[in-house]
Amino acid sequence: MKQKGSHAVMSERKNVYLFYKQTEELEEKVQKIRKLGRKYDFSLVDDPKDANIIASFGGDGTFLQALQKTQFREDALYIGINDGDFGFYTDFTTEDTDRLELAMQSDMVEVLRYPILEVTIDGSKSFHCINELSLRSNIIKTFVIDVFVDDLYFETFRGDGLLVSTPTGSTAYNKSLGGAIVDPKLPSMQLTEMASVNNNQFRTLGSPLVLGKERELKLRIVQDGNDHPIIGVDNEAMGVRNSREISVKVSDRVIKTLRMKDNLFYHKLKRSFL
Ligand code: NAP
Ligand code: MN
């Protein structure tokens with residue numbers, strides 16, 4: 001399918017919600033961008049529910065917060081504007097308003113669709129993440145988790161914890177755990193281990209596992225008295241005492257974000273790691 005240029009993308013979307021930490025320093029930079037927005041007939045809204053563009057000002061961490069706080073809107077276009085260097089989710093910076101202006105009027109932009117994960121706890125509470133889900137103990141004790149793939153019992157994990165990342169999250173926590181970098185064009189999820197116990201008694205796969213879009217992962221916390229799990233959802237922690245089963249799937253929903261055509265995922269990889 002041919003992607004729409006920015007002209008179409010931006011002219012259909014005029015209601016903008018700005019997500020940022022209101023510090024004096026940032027406020028000044030945001031003012032410049034507000035001015036630019038007025039020039040191109042955008043209007044600012046106070047409630048993200050009324051927005052069809054949600055712009056975050058800050059690093060990748062701020063972009064993650066913007067998504068969590070606005071509930072991963074499928075009908076909105078998210079734009080990450082960095083307050084310094086470019087990041088993985090931020091294709092623009094407050095320093096370079098020319099680039100942003102170019103994006104508003106030219107065909108130099110493209111809408112990316114990023115896969116996200118859908119996580120359900122004990123069959124009821126559910127939420128999304130765009131980087132990863134992490135599951136670990138908050139006390140110094142081996143954490144035991146039974147892992148199921150599509151209802152097939154796969155392995156029993158013992159160690160610090162498990163992490164399930166999206167393709168775009170693969171360059172973050174997942175990478176520190178020795179996971180592979182996954183191209184965001186592959187809707188998938190990756191399971192990585194945090195310090196697994198492996199000996200003649202206990203065995204886990206021991207390598208990262210990439211699962212396709214149709215799979216379901218179930219992480220069943222073995223109730224052995226360690227009822228202190230922490231669930232990390234992107235950059236937020238949730239205390240979930242007494243949870244037993246966490247199901248993870250690649251969501252049917254995708255997140256739309258704007259990028260410059262000259263800034264491919266591989267540019268970002270090269271810039272950050274090589
Ligand atoms: P943070 O602890 O302040 O920053 C973690 C670093 O990861 C920041 O430099 C952040 O970039 C960067 N980052 C975030 N998402 C990324 C991505 N998809 N690819 C590459 N780098 C990424 O926390 P934060 O800024 O709120 O970010 C939360 C993320 O930190 C979590 O989702 C997790 O992936 C990661 N994390 C990593 C480890 C680890 O590697 N051992 C441990 C805990 C959390 P910015 O500076 O632009 O924000
Ligand atoms: Mn950060």
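Counting starts at 1 for both ligands and their atoms, following the listed order.
- For the pair R220 and F148, the distance from NZ or CZ to the six-membered ring centre is under 6.0 Å and the angle to the ring normal is within 45 degrees.
- Contacts with ligand 1 closer than 4.0 Å are made by no heavy atom of K175, backbone or side chain.
- Between Y20 and F57, the angle of the ring planes goes over 60°, which puts this pair in the perpendicular group of the 30/60° scheme.
- Between K49 and Q71, the closest side-chain pair of non-hydrogen atoms is not below 4.5 Å.
- Only side-chain heavy atoms of L64 come within less than 4.0 Å of ligand 1; its backbone N, CA, C and O stay farther off.
- At least one N or O atom of S176, backbone or side chain, sits closer than 3.5 Å to an N or O atom of ligand 1.
- In this structure, the protein non-hydrogen atom closest to atom 45 (P) of ligand 1 is D60 N, 3.6 Å.
- Counting protein heavy atoms under 4.0 angstrom from atom 15 (N) of ligand 1 gives one or more.
- There is no protein heavy atom less than 4.0 angstrom from atom 4 (O) of ligand 1.
- Residue-ligand proximity, D234 to ligand 1, at heavy-atom distances under 4.0 Å covers atoms 31 (C), 32 (O).
- Contacts with ligand 1 closer than 4.0 Å are made by heavy atoms of both the backbone and the side chain of A172.
- Taking 4.5 Å as the limit, some side-chain heavy atom of R99 sits within range of a side-chain heavy atom of D91.
- A donor-acceptor contact under 3.5 angstrom links the side chains of Q68 and D234, judged on distance only.
- Judged by distance alone, the side chains of N198 and S196 do bring a donor and an acceptor atom under 3.5 Å apart.
- Taking 4.0 Å as the cut-off, G59 counts as a neighbour of ligand 1 on heavy-atom distance.
- There is a side-chain donor-acceptor pair under 3.5 Å between T168 and Y89.
- Contacts of Y173 with ligand 1, taken as heavy-atom pairs under 4.0 Å, involve both backbone and side chain.
- Compare T166, N131, D85 by their heavy atoms: the one nearest to atom 18 (N) of ligand 1 is in N131.
- The distance from ligand 1 to the heavy atoms of G61 drops below 4.0 Å at these ligand atoms: 24 (P), 25 (O), 26 (O), 48 (O).
- Less than 4.0 angstrom separates some heavy atom of Y89 from each of these atoms of ligand 1: 18 (N).
- Shortest contact from atom 34 (O) of ligand 1 to any protein heavy atom: E132 OE1, 2.4 Å.
- Nearest non-hydrogen protein atom to atom 19 (N) of ligand 1 is T171 OG1, 2.6 Å.
- Residue T168 has at least one N or O atom closer than 3.5 Å to an N or O atom of ligand 1.
- A donor-acceptor pair shorter than 3.5 Å can be found between the side chains of S247 and E216.
- The nearest protein heavy atom to atom 8 (C) of ligand 1 is not closer than 4.0 Å.
- In terms of protein heavy atoms, atom 28 (C) of ligand 1 is closest to N235 CB, 3.5 Å.
- Taking a distance limit of 4.0 Å, we find that atom 23 (O) of ligand 1 is approached by no protein heavy atom.
- Looking at Q190 and S170, their side chains never bring a donor and an acceptor atom within 3.5 Å of each other.
- For the pair D252 and K213, the salt-bridge criterion is met [side-chain N within less than 4.0 Å of a carboxylate O].
- Look at R113 and E74 and you find no salt bridge, because none of the NZ, NE, NH1 or NH2 atoms lies under 4.0 Å from a carboxylate O.
- Under the 4.0 angstrom criterion, atom 38 (C) of ligand 1 counts as having a protein heavy-atom contact.
- Under the 3.5 Å distance criterion, with hydrogens and angles disregarded, a donor-acceptor pair is assigned to the side chains of N15 and S43.
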